[in-house]
Amino acid sequence: MSTPALTTYQRHHLAPTYDHHVGHLYPAMVRASQAHVVMLTEQGLIPAERGARLLRGLAELRADSTAAPAYDGTFEDTYYLLEKRLAAACGIPTSDLDVQMARSRNDLDAGVFRMLLRDQLLGVLDRVLATGRTALDSADRYADVVITGYTHRRPAQPTTIGHALAGYAEALAGEATAYADLIDQLNVSPLGSCAFAGTDLEISPARVAELLGFAGLVTNSYEAVAGADHLVRVGTLNAQALATGARLARTLMDWLSWNWVTTPGDFTQGSSIMPQKRNPVVLEHLVSYAGQAAADAASVLNNVGAAWWEDSNNATTDVQVRLWESNDRAERFFALVGGFLAEIAPLSPPTREEIVASGATTTAAADALTRHGVPFRAAHSVVGQLVRAGAPDTWTAEGVRAAADGLTGPLDDAAVDDLIAAAVRPDLVLNRAQADGPGAAAVRAQVDRLRGAFAGTADRLAAVRDRLGRADAALDAVAAELVAR
């Protein structure tokens, strides 16, 4: 018998949605169904022999590595594909299935979406942690490499490569904590909520949650299927984290253009016409990734905001591809950032003369005067007059005293010497004691503290993975036991 032609709705919505979703949803739906059937059997809601038959069929589906069939209109979506294939594996008609007892497509979708996002974010968090550790390694290694720090794209003050990278590592540490918190928020089960109002059957949602590695249950069954805050947070956290990384990428573009650091060859592409050029276009791609993550987050927010406060495809199914692509992009983004940071090294950082000529040392020169009792605004004005008279390398003791005349009292030799030293020695920033500053010892202390923060988040990640591993083993064991009875 030939397959009927697809309707317009099937051809233009159900088929492409199936193609996008089946590879993600089908394996997770099979796994969730195994836990559900175990629970139904243990609760006595289905006879043991029927439960065993379903579990045998589900085990067969889980072990089957063949690709999902093409959409042909004989089933509506992945949910009904599962029923169709399970009935065939069990050798029964779909009308004899119990797998849908006390379960709706609503709570199954909500649960599977959480399972998928949980697993994807574990991978993203792995990459964030790895990138953070790489940034810290480089910060430690280059804590004494002085460069010019910029504000508003103008030379501002001396800092170090290590100070800048430790700052990015701190941002990553905060993002890692946010991802770990989001995984905790995702890792509660909506299964058992059914359409939204639960069931009169004596089910055990907590048992299903336990077997699937969830840490608990969504408190309210309406929220379990209608809620979308956790979906919004996935998209927005990715957008936030990639935006911060894109800002670093822009700064790295400058460092490479100025030859402050090496250009990692593995992250370049050749020119089509200029044989001498190797272009670090990966940094451009990172900026584009951030824009795409922002677009995905906006799409999710728009869909959720357009939905009713109930189960609605706008706020659930229709945003999943955006989230899956966002998570994949985030994982690749951090892999690229980490790989790039691992390979850069100082090449020709700005010289003492270049830093001094840029004016970046003048704030330190004014601060030097304040240490000798000169009011800040007067010290600032003195240095301003000196800057207008010439570059810091040309300043003399006589010139300093002349600039100070009328702005503050007479300067002693120590004050003059300190001002001139601060103006012509950007390397003095390496001695700065301020705990959060660019002093070499301070940066290395920051590195140590941030390593501790990453280690704490890594422990949380390991705990989630341990829970999931134990749940997988427990589900396999109990399913095998029920089949063997």
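If you read the sequence from its start, that first residue is 1, and numbering goes on from there.
Between H230 and V234, the closest side-chain pair of non-hydrogen atoms is not below 4.5 Å. For the pair T316/V319, no side-chain contact is recorded, criterion being any heavy-atom separation below 4.5 Å from C-beta on. In this structure, the side chains of T262 and L347 come closer than 4.5 Å at one or more pairs of heavy atoms. Two residues are said to be in side-chain contact when any heavy atoms from C-beta on lie closer than 4.5 Å; Q320 and N313 fail this criterion. Residues V382 and L369 meet the side-chain proximity criterion, which asks for heavy atoms closer than 4.5 Å. Using a 4.5 Å cut-off on side-chain heavy atoms (C-beta onward), L108 and M29 make contact. Residues R432 and P438 meet the side-chain proximity criterion, which asks for heavy atoms closer than 4.5 Å. Side-chain contact between L182 and Q185 is present, with at least one heavy-atom pair separated by less than 4.5 Å.
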Residues R401, D413; criterion salt bridge (charged side-chain N to carboxylate O under 4.0 Å, His left out); working and verdict: CA-CA 10 Å; R401 288 191 169 91; D413 289 347; 2.5 Å; yes
Test log, rule side chain to side chain contact (heavy atoms under 4.5 Å, CB included), inputs L136 and D448: CA-CA 9 Å; L136 291 178; D448 288 343; over 6 Å; no
Side chain to side chain contact (heavy atoms under 4.5 Å, CB included) between E284 and N279, intermediate numbers included: CA-CA 10 Å; E284 299 167 9; N279 302 315; over 6 Å; no
Stepwise side chain to side chain contact (heavy atoms under 4.5 Å, CB included) test for F334 and L172: CA-CA 10 Å; F334 288 113; L172 286 171; 3.7 Å; yes
D266/E343 under side chain to side chain contact (heavy atoms under 4.5 Å, CB included): CA gap, chis, key distance, verdict: CA-CA 9 Å; D266 291 347; E343 293 193 24; 3.2 Å; yes
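Taking the six-membered ring for Trp, W258 and Y150 have ring centres closer than 6.0 Å.
Between atom CG of residue L242 and atom OG of residue S326 there is a gap of 7.0 Å, rounded to the nearest 0.5 Å. If you take CG on D254 and OG1 on T148, they are separated by 12.0 Å, rounding to the nearest 0.5 Å. Taking OG1 of T17 as the reference point, atom CG of D318 lies at 7.0 Å (rounded to 0.5 Å). From Y168, atom OH reaches atom CG of L252 across 9.5 Å, with rounding to the nearest 0.5 Å. In this structure, CG on D184 lies 11.5 Å from CZ on R118, to the nearest 0.5 angstrom. Of the inter-residue distances, the one linking T134 atom OG1 with L341 atom CG reads 7.0 Å to the nearest 0.5 angstrom.
Remark: side-chain polar atoms of S299 are not paired, donor with acceptor, to backbone N or O of A295 under 3.5 angstrom. Side-chain atoms of Y222 never come within 3.5 Å of backbone atoms of G227 as a donor-acceptor pair (strictly under, hydrogens ignored). Counting only distance, with no hydrogens or angles, the side chain of Q34 and the backbone of D476 share no donor-acceptor pair below 3.5 Å. Formation of a donor-acceptor pair under 3.5 Å by the E354 side chain with backbone atoms of T351 is found in this model. A donor-acceptor pair under 3.5 Å is formed between the side chain of N106 and the backbone N or O of A195. Not a single donor-acceptor pair under 3.5 Å links the side chain of N303 to the backbone N or O of V300.
Other residues, nucleotides and ligands contribute over 12 non-hydrogen atoms within 6.0 Å of the CZ atom of R460. Annotation: F196, atom CZ; neighbour count of heavy atoms from other residues, nucleotides and ligands within 6.0 Å does not exceed 12. Counted within 6.0 Å of CD on E331, heavy atoms from surrounding residues, nucleotides or ligands total more than 12; the atom is thus considered enclosed. In the displayed structure, H380 atom NE2 is contacted under 6.0 Å by at most 12 heavy atoms of other residues, nucleotides or ligands.
The pair D466-R470 meets the salt-bridge criterion, with a side-chain N (NZ, NE, NH1 or NH2) lying under 4.0 Å from an Asp/Glu carboxylate O. Under 4.0 Å is where a charged nitrogen must lie from a carboxylate oxygen, and between D393 and R352 at least one such pair does. Here R105 does not pair with D311 in a salt bridge; the nearest charged N to carboxylate O distance is not below 4.0 Å. With respect to the salt-bridge test (charged N to carboxylate O, under 4.0 angstrom), the residues D119 and R465 do not qualify. The existence of a salt bridge linking R207 and E210 is confirmed by a sub-4.0 Å separation between a basic side-chain nitrogen and an acidic carboxylate oxygen. Under a 4.0 Å N-O distance rule, the pair R467/D472 does not qualify as a salt bridge. Note on D181 versus R233: no salt bridge recorded, every NZ/NE/NH1/NH2 to OD/OE distance being 4.0 Å or above.
With 3.5 Å as the limit, one finds a donor-acceptor pair spanning the side chains of Y289 and R332. Between the side chains of T159 and H163, at least one donor N or O lies within less than 3.5 Å of an accepting N or O. Defined by atom type and a distance below 3.5 Å, a donor-acceptor pair is present between the side-chain atoms of N238 and Y179. No side-chain donor-acceptor contact under 3.5 Å links Q385 and R388. No side-chain donor-acceptor contact under 3.5 Å links N327 and E325.
Here the shortest heavy-atom pairing between P426 and I355 reads CB-CG2, 3.7 Å. Across A246 and A290, no two heavy atoms sit closer than the pair CB-CB, 3.6 Å. The two residues L450 and A173 come nearest to each other via the heavy atoms CD2-CB, 4.1 Å. Between L212 and L475 the shortest heavy-atom distance is CD2-CD2, 4.3 Å. What you find for I147 and P350 is that their closest heavy atoms are CA-CG, 3.6 Å. Nearest heavy atoms, P280 versus T263: CB-CG2, 4.2 Å.
Exactly one of P190, C194, S193 qualifies for a side chain to side chain contact (heavy atoms under 4.5 Å, CB included) with S221. That residue is S193.
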